[in-house]
Structure formats: C-alpha cells, structure tokens
2 protein chains.
Amino acid sequence: MPVLTFLTTTHFDFGAVKVLGPELAKLGVKRPLIVTDKGVVAAGLIDQVLNPIQPKPNWPVFDDTPGNPTEEATLRALTLYQEAECDGVVCVGGGSSMDLGKAVALLAVSGQPLAQYDPLKGGGKLIKGIAPVVAIPTTAGTGSEVSVGFVIIMNDGRKLTFAHPTIIPKLAICDPELTMGLPPMLTAATGMDAMTHCIEAVLTPSVNPPAEGIGFDGLWRAWRNIRKAVENGQDRDARWHMMMASTEGAMAFVKGLGAVHAMSHAAGRLSDLKLHHGTLNAVILPSVLRFHDGHAAEKYERLRAVMGLSANADLAKAIEELNAAIGLPSGLSKMGLKTDHIPGMIPYAMSDLAHFGNPRKPAAEDYTALFQAAL
Amino acid sequence: MPVLTFLTTTHFDFGAVKVLGPELAKLGVKRPLIVTDKGVVAAGLIDQVLNPIQPKPNWPVFDDTPGNPTEEATLRALTLYQEAECDGVVCVGGGSSMDLGKAVALLAVSGQPLAQYDPLKGGGKLIKGIAPVVAIPTTAGTGSEVSVGFVIIMNDGRKLTFAHPTIIPKLAICDPELTMGLPPMLTAATGMDAMTHCIEAVLTPSVNPPAEGIGFDGLWRAWRNIRKAVENGQDRDARWHMMMASTEGAMAFVKGLGAVHAMSHAAGRLSDLKLHHGTLNAVILPSVLRFHDGHAAEKYERLRAVMGLSANADLAKAIEELNAAIGLPSGLSKMGLKTDHIPGMIPYAMSDLAHFGNPRKPAAEDYTALFQAAL
C-alpha cells in the first residue's frame, strides 16, 4: 500500500546559511564533524558557512571526500568523528560529501560494518539510530540534502545504495549563494542530475502522487533555467530555481528511480575512469527515454506538457539537444567508456536498487543495447 | 525565508483502515476518543473502521459533530475525552469531524481557552502539546487529515482558523472505500473543495515549490475525475483519485489559501443558513479567478496546461461549466444568500487567515463586488 512520508525541514534561500548556528543549537549538537572536500574548502565555502557563527567554531573538518565516496574514506571520517568526540555531522558539498556524511552518522550510532545496512538485504531493520545530520549543498543537482539515501563504493568494489527514512537529514540548508561560483560544466552536469531525478522519479511506477507532483515541478524549473545558469553563473534567479529543482528531484525520488541510475551507478564505480554521476545521467537519459517510450504514455504526455513541448515531441531528442546546448558530451565514448566495459557493468546495473523502479524492466540484453546506444 | 516542511505519514489505498489498530499501538494510544457525526455512524463507517481490530474495542464515541464545528461542541467532546480518560483522538468523518477532533486533542494537552491559540495573535507560542490524532476521512475534499489547521465557529460568532505544525495529525488513513457511499451532491461539493484548495494554494504568493507541485498534481487528478465520481459513485478509480486530490490539496495549502476561503468562511458562519463549505468554495471560485486574472499570469498558464485547456481559455468559465455539469448551484443566491447578508460578511472575510494569502489583495469594496458577482 502507498505510504506517503516526507521529510526534513528545509531552509531555502539566498543567505540561508545564517540559520546553521541556531539550528544546531536546537538539535542539541555541540561539536559536529564537518564533512566536505578540498575543492569546497579551497573555494572558501566552509568559511562562508561558518562565518555567521560567533565565536567562530573550531569544529573538526574531514575534507578528504573522494569524487565518488568510498567505504574506505567513510571509515577514516568515522575515526575522526570518534576521536574528536563529535555529536553530529554537518555536510558541506555536493552529493559525495553529503552521502559520505550520512554514512558516517549512521555508523557512529548503529555501528559497523556498513554492508549490513544494504536495503536489498533487509538492512533497514538493523539501523539502531543515526547521529543528527545537517546537509548544506554547494551544487544544485544531487538533492542528497533531503533524500532517504546515500551511495557508497564498497571495499569489495560494489557501488551500494543505502536507503531508509532515518537517513533523511534532520535539516537541510539550501543557499543558492554557495553555487554562484560553480563553473559552467559542473553547473550543467549537476543540473542534469536534478533533471534526471525528476524524470526518473515520475516514471517509476510506484504510487506516490505528491512526490510525482514535486518531480513535475522540479522538471518545470530545471528545464527553464539550466541553460540560463550555465550561460551566466551570476544569474541569481536561475541559480535559485536550479537549487530548488535539485531539492525537488530528491523529494520526488522517494518514489524510486530507474535504469538511468542503475547504469550510471554501474559506470560510476569504474575506478580507472572516475566518471561524474550527473554527466553520466545526462548522457544515458535519452536512450532510456526511448526504451520506456510507449510504456508510460500518460506520464510522457505530462512530461511534454510540463516542458512546454508539443504533444508529439520526441522527449529523448529534446534532452539530447539540451545536452549539446549546455556543453555535455554526446555519448559515453566521449567520456572514455568503451564497448569492452559493457559486459562488466551489466550485473552491477541489474542488482542496483534503481533497477527495480522501471516502468519497463530491462533484461541483461536490454542493458547491453542501452549502453551501446549511449556510447 | 521559505521553510519547507511536510507532514504526517499517510496510509493511502482501498482497505487502508486495516492499519488503524497496529498504528495506534505504535503511537502508544490505548484509549482514543472517536470523533465523528451521526451520518457517519448511520452509514456504518465506524463499524467499517473498527471491525478489523480484535477484540472489538469499546472506545468512547462523540458523534455530535455539527455540520460546521463549533467551540460549544468541541468542549462537550473534550469533557467526554477527559471523563473517559482518553489518550488520543481518532477522527472519522469529513472536515468537520477532523477539525473538531484536532481541537479536542489540542485542548486536552495545552488547555483552555481555545481562542488563545489564534495564530493571527501569535497563539502558536502557547501550544504546549497536542494529543496524538489519527485522521480517517470519509469524504474526499477537506484534506484535513494532513493539514496544519482546523476551523471552529467560536462562541462569540467568529469563524476562526487555527494553524500550527503541531496540529498536523500523527497519522492519516485514507481509504477511498469509505467514500463509495457518498451521494452525488456531496461528492461534487467536497470534490470542489479539494479542487479549490489546489488552485488557491498554487495562486498564493508564498514560496513553496514542492507544495505548489503537489497542488498542480491534485488539480490534474480532480479535474479529470470529479465528473466520473459524481456520475458513478461506484467508479473506484475515480474515488481513489478524488481522495488523493483531497489529500494533495491540503498538503499544498501549507502555503496558504486566498479570497475564496476568506469569503467561504465568512458565509459559513451564518448560523441561519448552515451553508456547506465545499459548495460555497465551488460557487465563489469563478469570481475570485476573474479578480486575480492578470496578477499571476505564469501560474494561470500552468493551471490551464494542467487542466488540458487551451492557452487562452477562460479559467473561471471552465469552473462555472464544471459546477453546472456536476449539479452545483450557479450562484450564492440559489443557496439562500441575499444582498443584505453581504455587508455583515466583509469584516469576517477581511480578518480571515486566508485573506492574507492572495496574489492581489482585495479591499472591502472588492469583497463586496466579489460577493455580488457570486450571488
């Protein structure tokens, strides 16, 4: 039976970071671990987040989050959390920092090993609790600040998705100011991550109309603003809408996701290539839209209407044209993926949590064809 | 700054009432007061709700909820709650039973008098707590099962709207089965209540895109299903969608409402007429849509798109035609309202919480003109 649940409280606007101090106090968090990456630190964003707090706090910082978060890095951050006697986590960064921070908060209270919480193996039952998480995104794409999940590359090479209502951050602080310095390529790639979340969440057959409505609204916003945000990073209005689309995308995918993410996760774990998750989604999305066409007719009709396209418009083509306009690669081969990589990715795609959310379930040979089409 | 918060957990589907027993146990509620009305009892719905619980509980029932809930009835229900040593409230009924039940739960923990919690006078700060509320709607319109508010006619004649996040029911159980026996006229009137919630919530200028997306989705559903549900009450699919539109309407109006509700509340307190809230909304909506036209152009465009209307369609006319098609009155005069009533209603409309949520703020003379137009 559909059970509808939302959320996090989300403070959302330019200047929102000023609520961090008071809100941590309300949560009773006195010594959080800041989880971030070196790029965020170098861009001065940690200072920007902490500056409003007086006296300036001396909280421990884990700035070694990898581009795709790993179990190994999670355990190093957990050690720092424990040694510094932290009582909560403040994630400042993109999806990787937020996901890694959530994992640390889970392990800090519920205990190791991480693999036991795999939701495909009923791991949710083993969750005893999670330290309070405040998530502050510095990109507009992942929406991890309001999502029930996180994705970690395990020590054994699998890229596992963990998902449970307790994992939703206690508080999200979405301040589009933090995204003003994002370069065009990252704006484009993360923005397409948000758009893919909205589209895949809508298409997933699970029943949750409020989440679907949020997904349509996020798509409406992302579709109208991504070009503007890429062309002019100082367009504050476009930055606001892209960050909102990102948050809405993750609120929507409480419903689930689909083959784009199954494939993107499978490709993202290839450690020799270090591929960007949002870029992968953008490039894979058109092929999957062609695969599902005819299997979710009413939803395709609504997607077209929300995007302002004509009733018979080719959705996949519209996304391809958008990708080209915002400077994203036209195929996976441009990102370094080769035909030889495909067989090894299929089992990972088919065991990914997102695989189970498709309107038309792809078989192994379908994934092969989808990867070929996206090359 | 926009702060986005949702909700209640909502169990939603045919047969959902079966979760009541286990969910009350999870909430630690052992002896709830059932708040309902005599029509609901006569229709056998209390039995339908309690039958799955074994052994059959012997919980006290307050079945004297008036058509528009009053402070006087609230206090009688509170006395029963206290005498029976209840520890929670289960509301089974339309908006009136749910609103009255919420008021009882608030008074039971935070204490009397009710008027002190008026949000327009900062009453939210006085709320110390609220007894757990489980809301089970038997109509599809009010959405009170997931809303932050309730409306009570006070002993001094005012119709007051109370709203605070603590007032959201702990659990909503939405079982469209309970609406299968609703007669066409009540299906139409309550359905238009849901549709009005979706439209007014979207038009309110406060910033909450996820709530707006939910409002658009509810409208999409209500617009396509209200005729079907009125024409054939046994259309299970239409009943499901109308109940979902009702829930979504109330999730959307976390943003606020507008002049339709301000006027409808002002008319609803006329004790000689006992007018139905949903019918009032349906009849008043077209005039207010004409009043706001040109003051929320992009939203009007999106409303038309969601309703599948042409780009230049007259929204107000579309609602008038729908009202006629589903057998609702063509004007307030058909409901017994006279020109003489208007001056007395204006101050109530202008002090209503919903008055403060309009894209174009009506002055006293605007309300006079709006009432005249709706007569």
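Each chain gets a letter, A, B and so on, in the order its sequence line appears, and its residues count up from 1.
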- Task: Step through the shown structure and confirm whether more than 12 heavy atoms of other residues, nucleotides or ligands are within 6.0 Å of CD on Gln54(A).
- Result: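 More than 12 within 6.0 Å, yes.
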
Show the nearest heavy-atom pair for residues [X] and [Y], with the distance to one decimal.
X         : Y         : result
Pro210(B) : Ile214(A) : O-CG1, 3.5 Å
Asp217(A) : Gly213(B) : CB-CA, 3.7 Å
Pro209(B) : Arg221(A) : CB-NH2, 3.4 Å

- Message: So, taking the atom named CD in Glu212(B) and the one named CH2 in Trp220(A), what distance separates them when rounded to the nearest 0.5 Å?
- Response: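 The CH2 atom of Trp220(A) is 8.0 Å from CD of Glu212(B), to the nearest 0.5 Å.
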
